[in-house]
Structure formats: structure tokens, C-alpha cells
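Reviewing the structure listed below.
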Amino acid sequence: MAPTPTSDSRPEICFFDLETTVPQRRGQGYSILEFGAILVCPKRLVELHSYSSLVRPDDLSFVSPASVRCNGITREAVVSAPSFSEIADEVHDLLHGRVWAGHNIVRFDCVRIREAFEKIGRAPPEPKGIIDSLALLTQRFGRRAGNMKMATLANYFEIGVQSHRSLDDVRMNLEVVKYCATVLLLESSLPDILTGNPQGSPISQSSDDGKSSPEQPSPNMHTLSSSPTSENVPNLSPAGVGNSEHHPRISLLTHHIGGANADVSNPVQPDPFNMGLLRNEIKTEALQSDVTMEEKTEQESQDIDIAEGSSSYAGFLALDEVSLTSVNASLVPYYHGTQRIKLLHENDGLQLFCPCLRVRFGVNGKFLNQGGWPRLSFVVDASPSLCEILNACDNAAKTIFEDCRSSSVWKPIVGRNYRYINNPTVRLHIPTVANDNIARYAAEIHQKDSSGTVQKLVFSKFDAAELGNLIRGGIFVDAFFSLDTYDYQQNAGIRLVAKKLVIHSD
């Protein structure tokens, strides 16, 4: 038997991607339809080896029309493909003991790989480290390119159209990382006068107040020099796609800054392009809030982060104050020419106040956000008047969504599972934020006793179980919430995001 390779003997980075079915009902889960991976040299970022294979799911009926719309993989394409158990040895050999890299792999691809191996009764491969380019680029590159989807980033850098096929997507992922690293390197190296963001340039301009923003590099980035000489600006050529002699020579794993002109006055400053330094950070640091994931804008983040002691909730409409004919949706500016769907009542953003909502299912915290914290939500019964308003919102937003020609499947906001539940239901999300690896609830949470006295709850720590004991099935809550649209992982719709909750005591 060949010896098990050690991490030292497997220095390559494995960029990988999965194409899967789209679950059509609760509890169905995902089935892998395609696996694709490339092994990349971390010193030169050149492709050393590639592998891809279609995968036949256990049940071909899982390949639904919605699934085909996402990636173009039909039942006919996979009917003769190997099952996952037949390619498991190859997949395990590619992944085990290597650094894994990909776009949104922490929350999706890594989970699907583990599920697939557990399903066939085998121990899953274990990574030496994980580089999730969605978290990494959102944190370091900012949202200058828009919603940070792979297709949006590829369009921003004009390097092609995403095919939603595994091998093509991992190669595009690598090129996007190179482009982003190149822009960041130039921004930290060139004089300020050259970062004025001319039209069509991805280089951002520093803000006047000197604070870090999503559209500029972090103020603690290491500046190599005030003069871009040939000695301190690497020979980077992102346009030379496919030419291994001109790929950026940036190591993702080492911590060495080096260079004769490096700033030796502050030797402990981090290398801004050292992605290895960020591997653990990616797993532990939330990107701001999990409310709308990739789609959340900076302005929305500020809206969600309610100040301590805030008691003003002007702008939240009671249900009887809403006119259905005044409910509409509009595309509003996003970042750098992109747009998003916003729900309006007349000309104002629609936010609702609903008293005495009966909790059907208590707090669910089994899903995690980008920082590894539970993504909290609970289900309440929806009254007929609330359903009418939400249906009007659904119709208005869906009309614009369909005009945008997204490949995602629109999910109705009102749940109507009358087989098990007599009443229509909706899900309320409790946003969380994390600062310095300390998470907290981004919604104000109060408790009302039997006498009607309302008291704000102060939590000493983030504890999903503690919150679950407060918000449980059968109790009532008063909820102030916003209606935010999302388009994420081939699902789209409207999400109800709590700004303030008042929990009724038993």
C-alpha cells in the first residue's frame, strides 16, 4: 500500500467547483452533477493538472427543469455518467491534504463534498486549509465589482461569460483572483495621484475622511513604495490568460514580503496579497451581516446595525396603513452601474410592523453565515392581511426579476404547506454581525411581561440556544421588519429581516 501523502508533500492548491441539482422540496437535498478541479502551483499560479467528470445522481428525477436552467446539465447528459462512488477515489486524491480554493466553497461545495462521502460510507477528504474567494475578495477587494458573484466579477474584468460548468468555472475563478490581486497590488504601490479611478478603471479612489471602505484598500495594507519603479512593481500580466510565462508570481501561502525597497521601518506590516495569512480569517470573520448574503449593500448593512438604545421606529407601517395599489418595486443603483430590486410603498422603502405574530417553529440556527456563526430564523403564522401585502410584494419584485433574466428560481415569500400546517407561514430572519470575532444580534430584542411592561434584553454573549428558549413555538411576538430581495445560490425572492422583536411572555 502506498504511503499516505503528508501535507508537506502536497503543496498544490486545489481549485474545485461542483454543479448540483436544485432541491424542489424541503428535505430533498442536493445531488452532485459534475465535479471539476485544477491543481495550481502556489508560487507561480499555473495550472499543473485538471480533472472533471459528470456524475449520475441516485435519482434522475432530481434533474429538474430548474436544475437544467442553472447549469445546462440534462438527464440525458448524466444517464451514462459514473456515480459519485465511482469517482470518489479520484476526488479524494485531489482534495485530501491540500489547500482547497473556490468561490463560496465554505458554505456550499465543502458541505456537498462531505455529504457525498458520508452517503457512500467513506471518510471525507480533509483540507490543509481553505481559501474561499467569495469571502476573501469581499473582504479585501470590496464590492466595487457589484454583488461579488463569479459572473459579475468576470464581467467586471471582461474575461468572459461564466458557463456554470465546473472546470470552466474553476479556471475563471483563478483568473479573477489574479486580476483582483493585481489591482490591489497596483493600488498599494502606485502614487495616490494615479488611483483617481478614471472611467473604466477598477482602481478606486481614497475617501476624503481616510476611513476604509468597501471600495478602497484597507488602511493597514503594506505600501511597497511611493514610486512604481521596475524594482518594486512585479511583472504582472493578467491579460495574458493561458500564458504560463506571464502569470502573476504571487504566493498564496507564504508570509514573506521581501524586496529591496520594502518599507523596513514597519517590518510587522502584513503583505496585502498574502492569501495564506487570511485562510483562518476567512473561516472566523463575518463579512458584516448574513441578512442578504451576497446581495446586501453597504447601506443596507448600516440600516440593519441598529444603535444601542434606539427606540425610534418611524417608517414602519402597520398592516392597515398599507395600500396594495401603492406597493411597487424598483431597480435602484447598486455599485458601479449595477442595480438591485427594492420594495416600495409609494416612494418610500417598505417596512412593516406586525403585532402578535404566533410563532409556529422556533429559532433555527443550523445554517451558518460566512463567519461560521448560526444564521438565525424562525417561522410565524401569517394573517390574511399580511399574506395579501406580501403577495403584492412578491408579484411586484418578481416582475422586475424576470425582466433581469436571472437563472435563479424565484421562491414565494409565503409558505403554504397545507399538508402539515393549516395556516400560511412566513420566515423571519434575525441578522447577526461580528466585530473582532465577537458576534451579536443586529436586531433589538425586547420582552413584554403579562402586565404589558416591555424591557430590552441585553445578552452577554451570542447564544442561539438561549435565543431559542425565548422564541419558541406557541408564543407571540411583535415584529418590526424590512423586506429585502436576494438572489443567491440559484434561489431568489424576498427575505423578511427583523429590526426589532418584542417577545410576549407566557
Side-chain angles (χ1 to χ4, degrees), residues 5 7 9-20 32-55 71-73 81-82 84 87-106 108-110 112-113 116-117 124-137 149-151 153-154 157 159-182 236-254 273 275-276 278-279 282:
S7 60
S9 67
R10 316 203 91 194
E12 307 90 355
I13 301 171
C14 185
F15 279 79
F16 76 99
D17 179 67
L18 303 176
E19 296 299 333
T20 70
I32 295 175
L33 294 178
E34 188 175 44
F35 173 88
I38 59 174
L39 297 183
V40 174
C41 170
K43 300 296 184 181
R44 297 186 297 127
L45 297 187
V46 295
E47 182 180 323
L48 304 174
H49 174 71
S50 67
Y51 172 82
S52 69
S53 176
L54 290 170
V55 180
N71 49 46
I73 301 176
F84 185 79
I87 68 167
D89 285 342
E90 186 75 28
V91 173
H92 192 281
D93 183 63
L94 284 164
L95 293 175
H96 188 66
R98 288 192 170 102
V99 173
W100 297 1
H103 206 65
N104 195 38
I105 59 172
V106 168
F108 189 79
D109 303 75
C110 295
R112 305 287 86 81
I113 285 291
F117 274 92
E126 296 297 338
K128 180 166 61 175
I130 297 177
I131 300 173
D132 191 322
S133 58
L134 171 61
L136 177 67
L137 298 182
K149 291 184 178 182
M150 183 57 59
L153 289 162
F157 289 115
I159 58 175
V161 177
Q162 185 183 11
S163 67
H164 290 286
R165 296 300 298 268
S166 294
L167 199 54
D168 290 341
D169 284 3
V170 293
R171 285 172 172 151
M172 177 172 280
N173 193 177
L174 177 59
E175 295 306 319
V176 164
V177 170
K178 293 176 184 178
Y179 273 71
C180 292
T182 301
L236 304 180
S237 179
V241 175
N243 185 345
S244 63
E245 295 299 316
H246 297 287
H247 285 312
R249 297 175 181 268
I250 301 172
S251 171
L252 301 183
L253 302 177
T254 59
F273 316 107
M275 297 183 187
L278 301 174
R279 284 181 311 193
I282 293 169

Shortest non-hydrogen contact between [X] and [Y], atoms and distance:
{"X": "V106", "Y": "D132", "answer": "N-OD2, 2.9 Å"}
{"X": "A154", "Y": "G160", "answer": "CB-O, 3.6 Å"}
{"X": "K149", "Y": "H103", "answer": "C-NE2, 4.1 Å"}

Test of understanding: with side-chain hydrogen bond (donor to acceptor under 3.5 Å, both in side chains), list the residues that count as partners of [X], not counting sequence neighbours.
{"X": "D17", "value": "none"}
{"X": "Q162", "value": "D169"}
{"X": "N71", "value": "none"}
{"X": "E126", "value": "R114"}

Enter the distance from [X]:[atom1] to [Y]:[atom2] here, rounded to the nearest 0.5 Å.
{"X": "S166", "Y": "I73", "atom1": "OG", "atom2": "CD1", "result": "6.5 Å"}
{"X": "F15", "Y": "L174", "atom1": "CZ", "atom2": "CG", "result": "5.0 Å"}
{"X": "E90", "Y": "S52", "atom1": "CD", "atom2": "OG", "result": "10.5 Å"}
{"X": "F35", "Y": "D109", "atom1": "CZ", "atom2": "CG", "result": "9.5 Å"}

Please name all residues satisfying side-chain contact (heavy atoms from CB on, under 4.5 Å) with [X], sequence neighbours left out, ordered by chain then number.
{"X": "P125", "value": "H92, L95, H96, W100, I113, F117"}
{"X": "V176", "value": "L137, M150, L153, I159, M172, C180"}
{"X": "S50", "value": "I38, E47, L167, R171"}
{"X": "A116", "value": "I32, F84"}

Legend entry - F16 side chain near L94 side chain, heavy-atom distance below 4.5 Å: no

Inset, instruction - From the options E12, K128, R10, select the one residue that forms a side chain to side chain contact (heavy atoms under 4.5 Å, CB included) with V99. - result: K128

Main-chain N/O of [Y] paired to [X] side chain as donor or acceptor, under 3.5 Å:
{"X": "N104", "Y": "L134", "answer": "no"}
{"X": "R112", "Y": "I105", "answer": "no"}
{"X": "S133", "Y": "G102", "answer": "yes"}

Legend entry - Residues which pass salt bridge (charged side-chain N to carboxylate O under 4.0 Å, His left out) with E34, listed by chain and number, not counting sequence neighbours: R165

